[in-house]
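The structure presented is a predicted model; accordingly, all values stated were derived computationally and were not measured. All chains are named by letter (A, B, ...) in the order of the sequence lines, taking the proteins before the strands, and each is independently numbered beginning at 1.
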2 protein chains.
Amino acid sequence: MRPEELPEIRHLHLFRDMSHANFEALMASSYAQNFPQGLEMIRQGDPADFLHIVLEGSVELFARWGGRECTMAVLRPVSTFILAASIRDAPYLMSARTLERTRIILIPSSDLRAMFRRDSEFSVSVINELASCYRSVVRNAKTLKLRNSRERVASYLLRQSLLAGGAPSYVLPVEKRLLASYLGMTAENLSRTLRALEDDGLKMDGARVIITDRAKLSALAQPDKLIDGPEMDSNENGSGLPISSR
Amino acid sequence: MRPEELPEIRHLHLFRDMSHANFEALMASSYAQNFPQGLEMIRQGDPADFLHIVLEGSVELFARWGGRECTMAVLRPVSTFILAASIRDAPYLMSARTLERTRIILIPSSDLRAMFRRDSEFSVSVINELASCYRSVVRNAKTLKLRNSRERVASYLLRQSLLAGGAPSYVLPVEKRLLASYLGMTAENLSRTLRALEDDGLKMDGARVIITDRAKLSALAQPDKLIDGPEMDSNENGSGLPISSR
DNA sequence: GAAAAAACTTGATCCAGATCAAGATTAAAA
DNA sequence: TTTTAATCTTGATCTGGATCAAGTTTTTTC
């Protein structure tokens, strides 16, 4: 692990409150690994031996069942993932693959578990992190059950715009194919939906999103604090396509 | 709060490992309340001032958006709910209403937060509980995104059968109307789907489920450990219709 | 126990979104 | 660059599940 990487990790909510010594100890048992693009580094069902941290690149969390597959989240630096499984010492519920060349830190789950038993500051951080992640997934489930696909698309685009500082124009952070799967629809249907939204204040130019009439788009998306956030605690994000580091 | 109730609460994973004194302290600041049937005791968006525990009766967690509404979980004694919101000191993401006359214990969130900062045994329990809940919701999201409604119904029925000790026949623990909403479908469609499953090893008699050909039904449901459980740790359940106490 | 109000079922119809099938773009590889 | 392989778009069609509309059964209330 490179020395300049430590502060980046330390800066995460999960680690910023623990003692220096304990942080060092945890990092000492961890190691970095570089993965090429498109590598399935975690297979659902495998034992969760490591907590993962993306340092560079990006990672897709996805789930498989039968022959089907769907995107559950995309993670970008710097964020942790697969925390709950590491803690429960249980099998991964999701698989993970790199979307590009990606650098990952691996923290042995057993060290992690030992650490929060020892460091009560850290255990509080773990609690907060897990609670945030939980709320993220609940939000996600709400969107899936309460909104139709057009509403999911519109609210996603508005949320992204907020994350881009309220900018009326920005570039999609992921391929449309992937976004479609994340939003629970087919790529074809996303394409059509984006086109249809041109009557409602949206313009697409390739991967560029241009919000031409925010009021109109909002009327359709009906963004809701209890689904789309933001969560008060600035940039937690738990796990959502909502890109951004946490 | 009645004295005979304390052991029931103490028995929950969340509380069984903390010191006697701390448990007593937490209970001292808590109080019980009885709600009539059909009362909306929690409204999404309200500040999460209390951790709730169902002692008697049953509670539906549901979400609203726009005019729509959907069931997210049903809780039965003895289980806690709305833990993550209490911890984050954040607004409830879901509403809750009683399905019958229900007795609830309310633990002030601030006391809860103070306690896990003080009692490290307790903080470990909170971590485990949250991690379990998280995994439950992820499972739920997987079912919603990967299975169609017939598959969700079939796998739900098989899961319930397992919870009933593998019995080939049991009574649905909730109204069909509610089950339908939980499974992300309309009541009409659930009705038709149950009927259609008669070709696949299922027989309904009112609220009674009779699995006439488990192999056939399983072939259709393709039950999966990573979606349908069980989670190793015996009866966690986080939040799912899967009834059962935790 | 009768009346009223739910929950449930069944049928007819409709529609959002999936699937199938080509093209059109864009990106990656040679 | 040229070639090759993705992703993305668009159109045509199909279908799972929603919606609408009665009935029927069960539960609740008086």
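Using a 3.5 Å distance cut-off with no hydrogens or angles, the side chains of A:Tyr182 and A:Asn140 do pair a donor with an acceptor. A donor-acceptor pair shorter than 3.5 Å can be found between the side chains of A:Arg214 and A:Ser161.
B:Leu183 has its CG atom 11 Å from the P atom of D:dA18, to the nearest Å. A:Glu100 has its CD atom 19 Å from the P atom of D:dA6, to the nearest Å. What separates CD of A:Glu175 from C1' of D:dC8 is a distance of 10 Å, to the nearest Å. In this structure, B:Arg177 atom CZ and C:dC8 atom P are separated by 7 Å, rounded to whole Å. Between the P atom of C:dT26 and the CG atom of A:Leu172 lies a distance of 14 Å, rounded to the nearest Å. Counting to the nearest Å, the P atom of C:dC14 and the CG atom of A:Asn148 are 20 Å from each other. Atom CG of B:Leu178 is separated from atom P of C:dA6 by 15 Å (rounded to the nearest Å).
A:Pro91 and A:Ala85 get closest at one heavy-atom pair: O-CB, 4.2 Å.
Applying the salt bridge (charged side-chain N to carboxylate O under 4.0 Å, His left out) test to residues at least two apart or on different chains, the pairs with a partner in residues 93-105 of chain A are A:Glu5-A:Arg103, A:Glu60-A:Arg97, A:Glu69-A:Arg97, A:Arg76-A:Glu100. For residues 51-71 of chain A, every residue pair satisfying the ring-ring contact (aromatic ring centres under 6.0 Å, His included) rule, not counting sequence neighbours, is listed here: A:His52-A:Phe81.
Counting heavy atoms from C-beta outward, A:Val74 and A:Val59 have side chains that stay 4.5 Å or more apart. A heavy-atom distance below 4.5 Å is not found between the side chains of A:Leu202 and A:Ile210.
Contacts between residues 184-197 of chain A and DNA chain D, counted as heavy-atom distances below 4.0 Å, involve A:Glu188, A:Ser191, A:Arg192, A:Arg195. For DNA chain D, none of the residues of residues 198-213 of chain B falls under the heavy-atom distance limit of 4.0 Å.
Fit an axis to the five pairs at each end of the helix from C:dG1-D:dC30 to C:dA22-D:dT9 and the two axes sit 50° apart, to the nearest 10 degrees.
Other residues, nucleotides and ligands contribute only 12 or fewer heavy atoms inside 6.0 Å of the CZ atom of B:Arg43. Annotation for B:Arg208: atom CZ counts as buried by contact number, over 12 foreign heavy atoms lying within 6.0 Å.
A salt bridge links A:Arg147 with A:Asp228: the distance from a Lys NZ or Arg NE/NH1/NH2 to an Asp or Glu carboxylate oxygen falls below 4.0 Å. For B:Asp200 and B:Lys216, the salt-bridge test fails: no basic side-chain N is under 4.0 Å from an acidic carboxylate O. Ion pairing of A:Glu40 with A:Arg64 is present here, as a side-chain N (NZ or NE/NH1/NH2) and a carboxylate O approach within less than 4.0 Å.
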Provide a list of protein-nucleic acid N or O atom pairs under 3.5 angstrom, restricted to nucleotides 23-30 of chain D.
none

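Atom SG of B:Cys70 and atom NZ of A:Lys142 lie 8.5 Å apart (nearest 0.5 Å).
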